[in-house]
Amino acid sequence: MKPITVVSPANIAFIKYWGQRDSKQILPYNDSFSMNLSQCVTTVEMVLSDDPKMQQMEIKLWNESAYRKASESQLKSVEVCYQRVRNYLKTTNQFGFHMRSSNRFPMKAGIASSASFFSALTLALVTAFDAQLDTKELSILARLSGSGSACRSIPDGFVWWYAGKDSKSSYAESIAPPDFWDLVDLVLILNTQQKHVGSSEGHQGADSSPYFEARQTALQSTMTNIKEAFLQKDFTRFGTLLEQEAINFSSILMTQQPPLFYWSDKTIMCMKEVLELRRKGIEAYFTIDAGENLHVICQNKDAELLKKHFENMLEVQTVITNEPCAGAHLV
Ligand code: PMV
């Protein structure tokens with residue numbers, strides 16, 4: 001049988017999702033807003049079998065040339081997704097699979113590798129069940145995978161995830177196509193080791209931070225302002241807001257119980273470098289996920305210069321240059 005191949009990007013959130021008001025339905029407290037990352041993609045290849053008992057999975061990590069057998073827990077998470085998609089589609093069809101997943105960027109290092117993987121997996125499974133779902137429904141299914149931000153990797157370009165009132169109204173949609181604005185996200189790879197505490201666990205502690213409510217209140221105006229700045233392509237206003245949001249979000253992580261410290265000395269040095277570059281007139285802003293590696297958001301005209309600049313820093317292993325791109329798609 002012909003394999004089903006899906007490519008899906010990770011995404012970087014300008015407004016973050018942190019904390020779940022419903023951890024079963026993966027419902028966030030607030031809307032979030034992101035950009036798909038052209039060079040941080042996962043490819044999932046699935047060959048179907050008539051034998052439903054056949055469930056095999058291999059993974060190829062960043063910078064590795066060969067596939068290796070997936071762990072029990074990785075295979076289990078695929079099995080859970082398979083059953084969820086089956087139930088959602090209300091189908092009695094069954095199939096086995098041999099699956100291969102490869103990543104073009106470090107996994108579990110705060111670059112949303114679970115978002116790219118689970119969005120790709122969701123589209124591959126829906127295709128395997130021969131179902132047609134629109135982007136909204138696909139994003140809902142991707143959200144339910146456990147990695148909520150996977151829903152933002154389904155639509156194209158710049159994506160808004162509506163927190164919604166319930167599962168049906170919590171979905172992601174594109175608010176602008178990839179070519180709307182030539183923004184670049186330079187991912188500074190500082191450490192490729194996998195983080196100790198994953199996001200699913202981290203979300204559970206979010207509302208224990210004494211600053212959680214304050215962030216939620218402030219986000220209401222930040223959302224309106226950032227959307228306005230984005231639509232007007234006002235880079236200074238947009239960048240200022242997204243950097244402030246990254247710091248506010250990180251403050252929640254550091255003050256929740258138990259606290260999560262993902263930043264390292266390298267992260268802080270690179271953040272300071274971004275501020276220094278701005279003082280010198282080169283406009284860039286940083287943002288960061290639940291991880292050590294820093295994202296530098298700039299305009300395309302400055303990307304090459306900034307890439308070279310950061311590559312020359314001892315703290316930086318490598319720089320991945322990302323442009324806005326399409327969401328999960330079959331190839
Ligand atoms: O997608 P999850 O459930 O693994 O959560 C990740 C959330 C952050 O990446 C830390 C922030 C975001 O909005 O992308």
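Counting convention: from 1, in listed order, for ligands and their atoms alike.
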One thing to verify: whether Glu276 and Arg279 come together as a salt bridge, which I'm taking to mean a side-chain N less than 4.0 angstrom from a carboxylate O. yes

Less than 3.5 Å apart, any donor N or O on the side chain of Thr267 or Glu292 sitting next to an acceptor on the other? no

Please tell me whether Lys16 and Thr287 have a donor and an acceptor in their side chains that are separated by less than 3.5 angstrom. yes

SB check Lys307 Glu311 (cutoff 4.0 Å): yes

Less than 3.5 Å apart, any donor N or O on the side chain of Thr91 or Arg86 sitting next to an acceptor on the other? no

Return a table of N or O atom pairs, ligand 1 on one side and protein on the other, at distances under 3.5 Å, rounded to 0.1 Å.
from     : atom 1 : to     : atom 2 : distance (Å)
ligand 1 : 1 (O)  : Ser147 : OG     : 3.1
ligand 1 : 1 (O)  : Gly148 : N      : 3.4
ligand 1 : 1 (O)  : Ser149 : N      : 2.9
ligand 1 : 1 (O)  : Ser149 : OG     : 2.6
ligand 1 : 3 (O)  : Tyr17  : OH     : 3.1
ligand 1 : 3 (O)  : Gly148 : N      : 3.0
ligand 1 : 3 (O)  : His203 : NE2    : 3.3
ligand 1 : 5 (O)  : His203 : NE2    : 2.8
ligand 1 : 9 (O)  : Asp289 : OD2    : 3.4
ligand 1 : 13 (O) : Tyr17  : N      : 2.8
ligand 1 : 13 (O) : Arg152 : NH1    : 3.0
ligand 1 : 13 (O) : Arg152 : NH2    : 3.2
ligand 1 : 14 (O) : Arg152 : NH2    : 2.7

Test ring-ring contact (aromatic ring centres under 6.0 Å, His included) on Trp161 and Phe33 and set out the steps. CA-CA 6 Å; Trp161 173 10; Phe33 171 34; over 10 Å; no

